Amino acid sequence: MEKILILKGNILFTKIPERLEVYQHHYLVVINGKVAGIYPVLPPKYENCPVEDYGDRLIIPGFVDLHLHAAQFPQCGMGMTKQLLQWLNDYTFDLEKQFQDENFAREVYQRFADQLIAHGTLRACIFASTSTKGTEVLFDVLKEKGIGAYVGKVNMDRNAPDFIIETTEDSIAGTEYLIEKYRHERLVKPIITPRFAPTSSRELLEQLGGLALKYHLPVQSHLSENRDEINWVRQLFPEARNYADVYHRYALFGQTPTVMAHGIYLDREEIDLVKRNGVILAHCPDSNLNVQSGIMPLRKYLNEGLTLGLGSDIAGGHKIALNEAVVRAVQLSKLFSLDHPEYQPLSVPEAFYLATKGGGALFGRTGSFEEGYAFDALVIEDDSLTAGRYCLADRLERFLYIGDDRNICARFVEGEKIGD
Ligand SMILES: Nc1nc2[nH]cnc2c(=O)[nH]1
């Protein structure tokens with residue numbers, strides 16, 4: 001039997017980056033979790049269906065966080081004067097080790113999931129830790145909460161402290177165990193997750209690429225984030241043409257759907273490979289500022305036709321709320337364009353697109369209210385932001401800039417209300 005959900009309110013979303021679609025006081029019809037249509041007047045066939053009337057509130061797509069580390073959640077806002085490699089050594093590895101303790105993992109992951117949902121992130125692409133048991137806890141917590149996610153057990157078998165790396169065999173065995181257990185889940189699914197090239201042996205990369213192909217699973221990792229990291233990769237993989245080619249050689253670069261975080265310093269050849277292989281880049285502006293990685297040439301990549309989304313990159317980024325990343329992406333693009341006037345700063349609709357439909361590309365049809373898209377949505381109550389006086393586009397901008405979880409009064413994932 002068809003499950004019909006009808007909402008009424010002010011509906012805003014993007015189909016293309018440059019333009020916001022705005023429907024004032026319209027009806028949005030959802031059938032079996034998918035958007036069926038938006039109407040000024042309810043068609044007669046739905047006349048007897050109940051309507052959730054949200055009055056003058058905004059209804060927008062849920063946020064999609066394309067890159068964050070659940071196991072770094074307790075570390076937000078710490079070590080923020082270090083650069084990447086030092087920060088990993090001084091803070092991150094010590095913390096991630098603790099996720100071998102399932103009770104600790106459960107306590108942290110519950111808070112992490114609650115905060116993610118409270119702030120309106122309804123789909124996320126997540127690194128857990130190297131602990132297989134700890135990662136299992138994360139899968140189960142996210143399933144209970146009803147959010148959509150890709151979850152990766154982190155793989156590392158070299159160039160990090162002994163207490164956190166695994167043998168290649170253990171790393172692969174743990175990964176395959178989780179794949180077998182969760183690959184048929186509807187909303188929370190496994191993703192292959194080599195931490196990054198420097199902490200991966202060739203053997204590990206080869207076997208992970210094999211798993212991605214065998215189970216047709218997506219892949220996530222880090223790419224070209226920091227200059228010292230890039231030099232390190234050059235020393236470790238002299239046979240590779242560039243950083244991207246390290247992953248490409250091992251079937252971890254677009255042979256299955258792939259998200260690479262950062263990609264700040266891509267050369268011409270790498271940009272072409274990203275485009276040719278359909279790799280999605282996760283832009284993480286807060287993190288790029290905090291650990292002084294640099295400014296991604298976002299407009300250049302958009303002009304090249306690359307697919308991008310936004311990531312909070314907890315805990316390189318210090319805030320889990322993705323509207324913060326929207327704002328920071330716009331701000332950083334303005335700084336970039338001061339020195340590169342040929343590249344226009346990002347507009348707010350473009351940044352909003354990245355945080356919804358852009359990142360949503362990894363999850364299939366989500367992040368928009370076009371027909372056939374999964375109905376992942378937030379209802380925004382912005383009275384406290386003096387709603388009445390502004391047009392709908394301005395109200396959305398104000399929510400993105402100065403709103404927070406207190407303004408989100410309902411959340412839907414594939415048509416189901418969550419987080420109440
Ligand atoms: N931002 C960030 N970059 C990384 N590169 C390798 N590991 C990490 C991590 O945990 N965070």
Side-chain angles (χ1 to χ4, degrees), residues 65-99 108 112 124-131 134-135 138 151-161 164-166 171 191-201 204-205 208 219-234 236-237 243-244 246-247 252 258-266 281-296 309-320 325 328 332:
D65 191 332
L66 212 48
H67 179 70
L68 76 169
H69 297 255
Q72 294 173 18
F73 184 60
Q75 187 195 331
C76 288
M78 267 163 49
M80 301 275 83
T81 53
K82 311 258 176 180
Q83 286 208 16
L84 174 69
L85 300 177
Q86 201 63 47
W87 175 77
L88 288 174
N89 276 314
D90 290 356
Y91 287 85
T92 308
F93 293 149
D94 271 338
L95 173 60
E96 289 189 15
K97 165 188 80 179
Q98 297 179 50
F99 286 80
V108 171
F112 165 79
C125 192
I126 305 175
F127 279 58
S129 72
T130 47
S131 166
T135 305
L138 181 58
V151 174
K153 168 193 149 47
V154 176
N155 304 105
M156 311 164 69
D157 68 349
R158 65 166 171 165
N159 294 329
I164 189 146
I165 58 173
E166 295 178 293
S171 195
I191 183 166
I192 299 294
T193 306
R195 177 171 216 120
F196 66 159
T199 49
S200 311
S201 67
L204 180 67
L205 293 174
L208 289 174
V219 173
Q220 63 178 349
S221 193
H222 298 89
L223 172 70
S224 217
E225 175 179 3
N226 164 291
R227 289 197 170 97
D228 292 339
E229 170 210 16
I230 296 166
N231 288 332
W232 196 18
V233 171
R234 218 172 268 135
L236 290 168
F237 297 91
Y243 195 159
V246 174
Y247 297 123
L252 295 165
T258 300
V259 180
M260 286 285 154
H262 309 296
I264 298 173
Y265 299 103
L266 304 181
L281 295 180
H283 177 39
C284 307
D286 261 337
S287 168
N288 296 165
L289 277 164
N290 287 333
V291 289
Q292 284 181 60
S293 298
I295 308 182
M296 177 197 258
L310 289 185
S312 65
D313 192 15
I314 295 302
H318 56 292
K319 289 283 188 85
I320 205 162
R328 215 76 68 236
L332 263 193

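Just so you know, these numbers use all the heavy atoms, side chains as well, and skip hydrogens, waters and symmetry mates. Everything quoted here is computed from the prediction, not taken from an experiment. Counting convention: from 1, in listed order, for ligands and their atoms alike.
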### Query
Under 4.0 angstrom from ligand 1, any heavy atom of Phe127?
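In this structure, Phe127 fails to qualify as a contact of ligand 1 - no heavy atom is under 4.0 Å.
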### Residue-ligand contact Glu229/ligand 1, heavy atom below 4.0 Å
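Glu229 does not count as a contact of ligand 1 under the 4.0 Å cut-off.
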### Task
Starting at CZ of Arg328, measure out to CG of Asn288 and round the result to the nearest 0.5 Å.
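That separation rounds to 12.0 Å.
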### Message
Within the 3.5 Å criterion, strictly below it, is a donor on Thr92 or Gln75 matched to an acceptor on the partner's side chain?
### Response
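The answer is yes; a qualifying pair exists.
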### Task
Test Ser287 against His67 for side-chain contact (heavy atoms from CB on, under 4.5 Å), laying out the working first.
CA-CA 11 Å; Ser287 168; His67 179 70; over 6 Å; no
Against heavy atoms of [X], which atoms of ligand 1 measure under 4.0 Å?
X      : value
Arg195 : 6 (C), 7 (N), 8 (C), 9 (C), 10 (O)
Asp313 : 1 (N), 2 (C)
Trp87  : 11 (N)
Leu88  : 6 (C), 7 (N), 8 (C), 9 (C), 10 (O)
Glu225 : 1 (N), 2 (C), 3 (N), 4 (C), 5 (N)
His262 : 1 (N)

### Message
If I apply the N/O under 3.5 Å rule, does His67 come out as touching ligand 1?
### Response
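No.
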### Nearest non-hydrogen partners of Ile264 and Glu225, listed with the distance
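Closest heavy-atom pair between Ile264 and Glu225: CD1-O, 3.4 Å.
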### Task
Please confirm whether His262 and Tyr243 have ring centers closer than 6.0 angstrom.
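No, they do not, as the ring centres are separated by 6.0 Å or more.
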### Task
Step by step, work out the salt bridge (charged side-chain N to carboxylate O under 4.0 Å, His left out) result for Asp90 and Lys82.
CA-CA 9 Å; Asp90 290 356; Lys82 311 258 176 180; 2.8 Å; yes
### Query
So, do Leu205 and Phe237 sit near enough that their side-chain heavy atoms are less than 4.5 Å apart?
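Yes - at least one pair of side-chain heavy atoms lies under 4.5 Å apart.
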### Query
Which part of Val291 is near ligand 1, with near meaning a heavy atom under 4.0 Å away: side chain, backbone, both or neither?
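Looking at Val291 and ligand 1, no heavy atom falls under 4.0 Å.
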